[in-house]
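Labels below follow one simple rule: chain letters A, B, ... track the order of the sequence lines, proteins then strands, and each chain is numbered from 1.
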Amino acid sequence: MADEDIKTPSNFIKTIIDEDLSTNKYQGRVATRFPPEPNGYLHIGHAKSICINFGLAREYKGTCNLRFDDTNPTKEEVEYVHSIEEDVSWLGFDWQDRKFFASDYFEKLFDLAVELIKNAKAYVDSLSADQIRKYRGTLTEPGKQSPYRDRSIEENLDLFQRMRKGEFDDGAHVLRAKIDMAHPNLLMRDPTLYRIRKAHHHRTGDKWCIYPMYDFTHCLSDALECITHSICTLEFENNRPLYDWVLDQVKPACRPHQYEFARLNLTYTVLSKRKLIQLVKDGIVESWDDPRMPTISGYRRRGYTPEAIRNFCERIGVAKANSVVDIALLEHTIREDLNARAPRVMGVLKPLKVIIENYPEGQSEELEAINNPENLSAGTRKVPFSKILYIERDDFMENPPKKFFRLAPGREVRLRYAYFLTCKEAVKDPQTGEIIELRCTYDPATKGGNAPDGRKVKATLHWVSAEHAIDAQVRLYDRLFTKANPEEKDEQGLTFKDFINPDSLTVLKNCKLEPCLAQASPSDFFQFERLGYFSVDPKTKQPGGPVFNRTVTLRDTWAKIKKAGKK
RNA sequence: UGGGGGAUCGUCUAGUGGUAGGACUACGGACUCUGACUCCGUCAACCCAGGUUCGAAUCCUGGUCCCUCAGCCA
């Protein structure tokens, strides 16, 4: 792959890896892993982690494993395993033959737990969950030891075996590490290692009724896979001493180390799993892959490309300081990618009929249009032209302000790749006053878009021939929230759901598109000239024409001028 | 008021004792058969106070503010 040699910006993790390489800490190996819990869909924050872990492996010619952290049978499902695999692949990363499941290690983990018990480093506690909480102490006060803390090794062994055999009910006992109930880090106050959970696991079925906790499983899974750099988010900083403690007891052949980076936050976006679930459950969005969702599947359906998302993840950097990235950067990377690659096409979203009075009745002709000015090898295509056209309603104003240089009565503009057009009259509905059509004339000498006399026009409009156009539904998406930081607690007690943008979705059902779009396949992307990037919705099948999703608008200087004028 | 982390342009991020750089945004301008793209330019930052040093974002001391931890979740 050509991009293996591309150097990405430096960051603190690379600095650490460079040092480790120079001291030969891991015999020159770099082994990372992406460890999702299969209990939900991946979002753009996960994409950051995926890009870091797989990206590091690519850059340092190491490996990155895909490992499902499936130690909680009550929350995890195969459906999520599949969606995660699909999303990681779609992003362009390959775990080759290294797909693992923490549940594959259950037997080994059990043996290691037994070893801990034998070394008097773990014990079976029979306090209730509630009692354990009370015994834990607080941030400022030490905890108390459980009365079961000093059970004999034999008794612990016996109890733990019987826990596995299913002799006890959920919650009757847990296995705890024996560390220090007065430790200033609460996670070190004899953390729970195993709990009884008589639940069906999506992979191990009913084989187990005790399940290991994250802190016991994760570090050992890393060690078993010979991971060198175990990269996770900041909230696990407190877990690192425990990560190290467990490995210190077990002394595995491979000794991984944990490093933490700041998770991604995005303006006008929520990324917590809990809130995302709420958006789906409350019907605020249609599904996990609703194009307004910050999920990878949502962006995919919206028309974002893996290249753009990877580029975004590279540009935001990796650091330890909490931060909120401006969504404008994501929009920039998708525009940048699509600008280079998307075929240009003309589509009228809000049609306004134009009748060219001096164009022969019944005639039509084909005009040549460039498919992508950024890539001339994409060639040209023919676009039909005739007496009756549609143009964009927003491209005409009866009483234009000074900075509006599109079509207006008496004004001449260019129809892209076609002719100069002059508006003679705006015909209105006598009842409503609404403009229903424009009577115009064209200049036959300007065919192709240039005037032989050298006269200029200030605007070029996109258009579509009425009799040749295809009908389509186009969905206009905008940011889901009106507030830059919807997660922030509001002084009036308003929550993220109070800041939903009522215009996050606008469905346009009467759009007129260039005929070549009839052949568009699901997920094909285009630039509708002067409007934005659109792609064929891969999920909606409906008769009577394709359904397009707007990925992102083009930058719009005119919109800014209008907005500034209103102030 | 315990422990663990963090503070650099509006935003994200480089810098590791020697001219604070890049990207996004914003704002100008050039170009233009997309008010797009591209190009050029402008605004703009080291949390604070001391100290060490010829020289400090960087080292030291003391503050301030922010994040995080009391699941048998991950």
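One interatomic measurement links the two molecules: CZ of A:Arg344 to P of B:rU32, which rounds to 19 Å at whole-angstrom precision. Across the protein-nucleic acid pair, A:Lys402 atom NZ and B:rG35 atom P stand 19 Å apart, rounded to whole Å. The interatomic distance linking A:Met188 (CE) with B:rU68 (C1') rounds to 17 Å, in whole Å. The distance between atom CZ of A:Phe12 and atom P of B:rG15, rounded to the nearest whole Å, is 12 Å. For the pair A:Lys458 NZ and B:rC31 P, the interatomic distance rounds to 13 Å; values are reported in whole Å. Whole-Å rounding puts the A:Glu514 CD to B:rU34 P distance at 16 Å. Atom-to-atom, CD of A:Glu260 to P of B:rG4 comes out at 13 Å; the value is rounded to the nearest Å. With rounding to whole Å, A:Ile391 atom CD1 is found 16 Å from B:rG35 atom C1'.
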For residues 182-189 of chain A, which side-chain N or O atoms pair as donor and acceptor with protein atoms under 3.5 Å away, sequence neighbours left out?
from: A:His183; atom 1: ND1; to: A:Asn185; atom 2: N; distance (Å): 2.9
from: A:Asn185; atom 1: OD1; to: A:Leu187; atom 2: N; distance (Å): 3.0
from: A:Asn185; atom 1: ND2; to: A:Asn238; atom 2: O; distance (Å): 3.0
from: A:Arg189; atom 1: NE; to: A:Arg136; atom 2: O; distance (Å): 3.0
from: A:Arg189; atom 1: NE; to: A:Met181; atom 2: O; distance (Å): 3.4
from: A:Arg189; atom 1: NH1; to: A:His183; atom 2: O; distance (Å): 2.5
from: A:Arg189; atom 1: NH2; to: A:Arg136; atom 2: O; distance (Å): 3.1
from: A:Arg189; atom 1: NH2; to: A:Thr138; atom 2: O; distance (Å): 2.7
from: A:Arg189; atom 1: NH2; to: A:Glu141; atom 2: O; distance (Å): 2.7

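Of the possible donor and acceptor atoms, none in the side chain of A:Asn156 sits under 3.5 Å from a partner among the backbone N and O of A:Ile117.
A:Glu76 and A:Arg203 are not joined by a salt bridge, as no carboxylate oxygen comes within less than 4.0 angstrom of a charged side-chain nitrogen. Contact check on A:Arg381 versus A:Glu368 returns no salt bridge, with no Lys/Arg side-chain nitrogen under 4.0 Å from an Asp/Glu carboxylate oxygen. For the pair A:Lys14 and A:Asp18, the salt-bridge criterion is not met [side-chain N within less than 4.0 Å of a carboxylate O]. Ion pairing of A:Glu366 with A:Lys382 is absent here, as no side-chain N (NZ or NE/NH1/NH2) approaches a carboxylate O to less than 4.0 Å.
Considering only side-chain N and O atoms, A:His332 lies under 4.0 angstrom from the phosphate OP1 or OP2 of B:rC24. Contact annotation: A:Arg263 does not reach the phosphate of B:rG5 (side-chain N/O to OP1 or OP2, under 4.0 Å).
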For nucleotides 70-74 of chain B, tabulate all protein N/O to nucleotide N/O atom pairs closer than 3.5 Å, reporting atom names and distance.
from: B:rA70; atom 1: O3'; to: A:Arg136; atom 2: NH2; distance (Å): 3.4
from: B:rA70; atom 1: O2'; to: A:Arg136; atom 2: NE; distance (Å): 3.1
from: B:rG71; atom 1: OP2; to: A:Arg133; atom 2: NE; distance (Å): 3.4
from: B:rG71; atom 1: OP2; to: A:Arg136; atom 2: NH2; distance (Å): 3.3
from: B:rC72; atom 1: OP1; to: A:Arg136; atom 2: NH2; distance (Å): 3.4
from: B:rC72; atom 1: OP2; to: A:Arg136; atom 2: NH1; distance (Å): 3.3
from: B:rC72; atom 1: O2'; to: A:Arg197; atom 2: NH2; distance (Å): 3.3
from: B:rC72; atom 1: N4; to: A:Leu127; atom 2: O; distance (Å): 3.0
from: B:rC72; atom 1: N4; to: A:Ala129; atom 2: N; distance (Å): 3.0
from: B:rC72; atom 1: N4; to: A:Gly171; atom 2: O; distance (Å): 3.1
from: B:rC73; atom 1: OP1; to: A:Arg197; atom 2: NH1; distance (Å): 3.4
from: B:rC73; atom 1: OP1; to: A:Arg197; atom 2: NH2; distance (Å): 3.3
from: B:rC73; atom 1: OP2; to: A:Arg195; atom 2: NE; distance (Å): 2.9
from: B:rC73; atom 1: OP2; to: A:Arg195; atom 2: NH2; distance (Å): 2.9
from: B:rC73; atom 1: OP2; to: A:Arg197; atom 2: NH1; distance (Å): 2.8
from: B:rC73; atom 1: O3'; to: A:Arg195; atom 2: NH2; distance (Å): 3.2
from: B:rC73; atom 1: O2'; to: A:Asn72; atom 2: ND2; distance (Å): 3.0
from: B:rA74; atom 1: OP1; to: A:Thr71; atom 2: OG1; distance (Å): 2.6
from: B:rA74; atom 1: OP1; to: A:Arg195; atom 2: NH1; distance (Å): 3.4
from: B:rA74; atom 1: OP1; to: A:Arg195; atom 2: NH2; distance (Å): 2.9
from: B:rA74; atom 1: OP2; to: A:Tyr214; atom 2: N; distance (Å): 3.0
from: B:rA74; atom 1: O3'; to: A:Asp69; atom 2: OD2; distance (Å): 3.4

Can you check nucleotides 11-13 of chain B for protein contacts, nitrogen or oxygen pairs under 3.5 Å, and list what you find?
from: B:rU11; atom 1: O3'; to: A:Val324; atom 2: O; distance (Å): 3.3
from: B:rU11; atom 1: O2'; to: A:Val324; atom 2: O; distance (Å): 3.0
from: B:rC12; atom 1: OP1; to: A:Val324; atom 2: N; distance (Å): 3.2
from: B:rC12; atom 1: O2'; to: A:Ile316; atom 2: O; distance (Å): 2.6

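Nucleic acid contact for A:Phe404: base, since at least one base atom lies under 4.0 Å from a heavy atom of the residue. In this structure, A:Pro373 reaches the bases: a heavy-atom distance under 4.0 Å links it to at least one base atom across the strands shown. The residue A:Arg335 sits apart from the nucleic acid: no heavy atom pair falls under 4.0 Å.
Annotated stems with RNA chain B as a participant read B:2-7 with B:64-69, B:10-13 with B:21-24, B:26-30 with B:38-42, B:47-51 with B:59-63, given as range with range, by first number; only runs of 3 or more Watson-Crick or G-U pairs under 3.5 Å qualify.
Around atom CZ of A:Arg151, more than 12 heavy atoms belonging to other residues, nucleotides or ligands sit under 6.0 Å away. Atom NZ of A:Lys320 sits in a crowded spot, with more than 12 heavy atoms from other residues, nucleotides or ligands closer than 6.0 Å.
Listed nucleotides: B:rU34, B:rG3, B:rA36. Nearest to the side chain of A:Arg555: B:rA36. Of the candidate nucleotides B:rC27, B:rU34, B:rG3, B:rC27 has the atom nearest to the side chain of A:Lys560.
Going from the P atom of B:rG5 to that of B:rC43 covers 40 Å, rounded to whole Å. Nucleotides B:rG10 and B:rC72 place their C1' atoms 46 Å apart, quoted to the nearest Å. B:rU25 and B:rC60 have their P atoms separated by 38 Å, given to the nearest Å. Nucleotides B:rC37 and B:rU32 place their C1' atoms 9 Å apart, quoted to the nearest Å. B:rG21 and B:rA44 have their P atoms separated by 13 Å, given to the nearest Å. Spacing of C1' atoms, B:rC40 relative to B:rA45, comes out at 24 Å, to the nearest Å. Using atom C1' as the reference point in both B:rU16 and B:rC46, the two lie 14 Å apart (nearest Å). Only the C1' atoms considered, B:rU58 is 31 Å distant from B:rA26, to the nearest whole Å.
Taking the six-membered ring where the residue is Trp, A:Phe110 and A:Phe160 present parallel rings, their angle staying beneath 30° rather than reaching 60°. Taking the six-membered ring where the residue is Trp, A:Phe100 and A:Tyr105 present tilted rings, their angle falling between 30° and 60°.
In this structure B:rG71 sits in the syn conformation; its chi angle is within 90° of 0.
Annotation: of the two residues near RNA chain B, A:Glu237 and A:Phe528, the 5′-most nearest-nucleotide partner is A:Glu237.
Remark: A:Tyr268 pairs with A:Ile327, A:Arg479, A:Ala484 by the side chain to side chain contact (heavy atoms under 4.5 Å, CB included) rule, at least two apart or across chains. Considering only residues two or more places apart in sequence or on other chains, A:Ala559 meets the side chain to side chain contact (heavy atoms under 4.5 Å, CB included) condition with A:Asp556.
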Salt bridge (Lys or Arg N to Asp or Glu O under 4.0 Å) for A:Asp170 and A:Lys198? Distances and angles first, verdict last.
CA-CA 7 Å; A:Asp170 286 13; A:Lys198 292 184 171 165; 5.6 Å; no
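If you look at A:Tyr80 and A:Tyr41, their ring centroids are closer than 6.0 Å.
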